[in-house]
Every structure is written in C-alpha cells, then in structure tokens.
Amino acid sequence: MDNGIAFQVILASYFYGILFMIFYDLFNRIFYKKKGHLIRLVLEIIFFLIMSLIFFIIMLFIANAKFNIFIPLFLFLGIITYMLLLENSFQNAYQFLFNKINNKINSKKMVLKNKFDIIKERRKKAKENKKYEKNKRSKRKNHFQKQN
C-alpha cells in the first residue's frame, strides 16, 4: 500500500469514527427511554450492521478493503476524539433539536385539544338546551292540563 492510500485510509477511519459516534449518540438519544430491551437490542444490531457495511464500502473504494493496523487504531482515535471534544456540543444540539420538535408537537396538540374542547362545549350546550326545551314543554303540558 503506498503512502497516498495509507493516508486516505487513516483520514477515512478517523473521520468515520467521529461520524459513527455522532449517529450513535443520535440513535441512543432517540431510543434511550423506549420500553423493551429486546427491541432496542435488535435495533442496535441493525444500526451497527449498517454502519459496518458503510465503513466496509468506504474502505473498498479507498484501499480495495485491505485490512491494516491503521484502520481500527484511527477508528478508535476518532471515537475518543469525539467523546472528549465534541460530545457536549452535539448533545446540546440534540437537546435543542428535540426541544424544538417537542414544542411544535405540543402546539399542534393544543390546537387539536382546543378544537375538541369547542366541540364538547357545543354538545354540552345543545344537551342543556334540549333539557331546557323538554322542561319547558313539560311545564306547558302541565299548565294546559290544569286549565282543562
């Protein structure tokens, strides 16, 4: 392997380690509170298989998928770099993103809830109006019966 290809393998492994951790943090953030550990395990296995396949395809294009010591070494260095330097900023960005999404969803829920509350109030008023009309008719009948 010549130096140009080795350098490409090193850079690709390093940046893929960072990219992998960015996506894994997002994945973990989405599925952290989900019930059912078996489902999460299956989803994690699928995630790791897809990420491994993507990394293999990248290495296939760069170095014909030849394995050398630089690949796992710089992959782990990329992961460590992410954990030490970038994790907090991405966690804050994810928190901001999820808060924005949550606020949008809650505003849509409130709009729907208000619409259903209006419908409920109309039904309640119609029901009360019906009772009032029924009472009124009943009193009229009683009044007419007393006169006759």
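Remember, it's a predicted structure, so these values are computed and weren't measured experimentally.
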Near Leu86 CG, under 6.0 Å, is it more than 12 heavy atoms from other residues, nucleotides or ligands?
-> yes
Leu84 atom CG: more than 12 heavy-atom contacts under 6.0 Å = yes
[Y] side chain reached by [X] side chain, heavy atoms, under 4.5 Å:
X     : Y     : value
Met59 : Tyr16 : no
Ser13 : Phe55 : yes
Leu11 : Phe74 : no
Leu26 : Ile22 : no
Leu19 : Phe15 : no
Ile5  : Asp2  : yes

Using a 3.5 Å distance criterion without hydrogens, assess whether the side chain of [X] forms a donor-acceptor pair with backbone atoms of [Y].
X      : Y      : answer
Asn92  : Asn88  : yes
Ser107 : Lys104 : yes
Asn28  : Tyr24  : no

Phe27 ring center near Phe31 ring center (under 6.0 Å) | yes
Less than 6.0 Å separating the ring centroids of Phe20 and Phe48?
-> yes
